[in-house]
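Nothing fancy with the numbering, it's 1 onward along the sequence.
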Amino acid sequence: MKSTYKVLTSDADLFTAALAQEKVYVVQLIEGRPHVIADYAGPVQRWTPDDVLVAGMCYSRDGFEFRVRVPKKQG
């Protein structure tokens, strides 16, 4: 069974995830495509136009993708 994720691309996405204290997954990008999960990190602590601080680790917005799991709909 595959999980569904939302990619956090905008400042608004990162702000919402930070407020909700959602667990953020950090995915390393190779040649602009998702390659490997770099960290099953934690909540977003801060972000700038260039980087995102997640669980004490700073990641470049150009080199990594930030995702949160989307809950499955019941029904």
Side-chain angles (χ1 to χ4, degrees):
M1 185 180 325
K2 290 189 175 193
S3 296
T4 303
Y5 294 93
K6 174 182 176 33
V7 178
L8 307 175
T9 55
S10 70
D11 288 342
D13 292 339
L14 292 165
F15 178 70
T16 301
L19 278 179
Q21 292 290 291
E22 292 189 72
K23 183 176 179 180
V24 175
Y25 297 84
V26 181
V27 179
Q28 184 178 18
L29 300 175
I30 302 291
E31 297 177 7
R33 299 185 65 199
H35 180 65
V36 64
I37 294 177
D39 200 345
Y40 291 98
V44 172
Q45 295 171 302
R46 113 179 130 67
W47 62 95
T48 70
D50 299 318
D51 57 51
V52 178
L53 183 67
V54 178
M57 294 290 296
C58 192
Y59 298 97
S60 163
R61 284 176 84 162
D62 288 336
F64 294 88
E65 185 175 89
F66 307 94
R67 302 176 178 187
V68 292
R69 190 178 303 234
V70 176
K72 286 189 171 189
K73 293 181 181 176
Q74 299 295 326

Can you list, pair by pair, the side-chain donor-acceptor contacts under 3.5 Å of residues 16-34, counting residues two or more places apart and other chains?
residue	atom	partner	partner atom	Å
T16	OG1	A12	O	2.9
Q21	NE2	A18	O	2.8
Y25	OH	R69	NH2	3.2

Under 3.5 Å, which donor-acceptor pairs link side chains of residues 51-65 to any protein atom two or more places apart or in another chain?
residue	atom	partner	partner atom	Å
D51	OD1	R46	NH1	3.1
D51	OD1	T48	OG1	3.2
Y59	OH	D39	OD2	2.9
S60	OG	D62	N	3.1
S60	OG	G63	N	3.4
R61	NH1	D11	OD1	2.8
R61	NH1	T48	O	2.8
R61	NH2	T9	O	3.1
R61	NH2	D11	OD1	3.3
E65	OE1	R67	NE	2.6
E65	OE1	R67	NH2	2.7

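Atom CG of L8 sits about 13.5 Å away from atom CZ of F15, to the nearest 0.5 Å.
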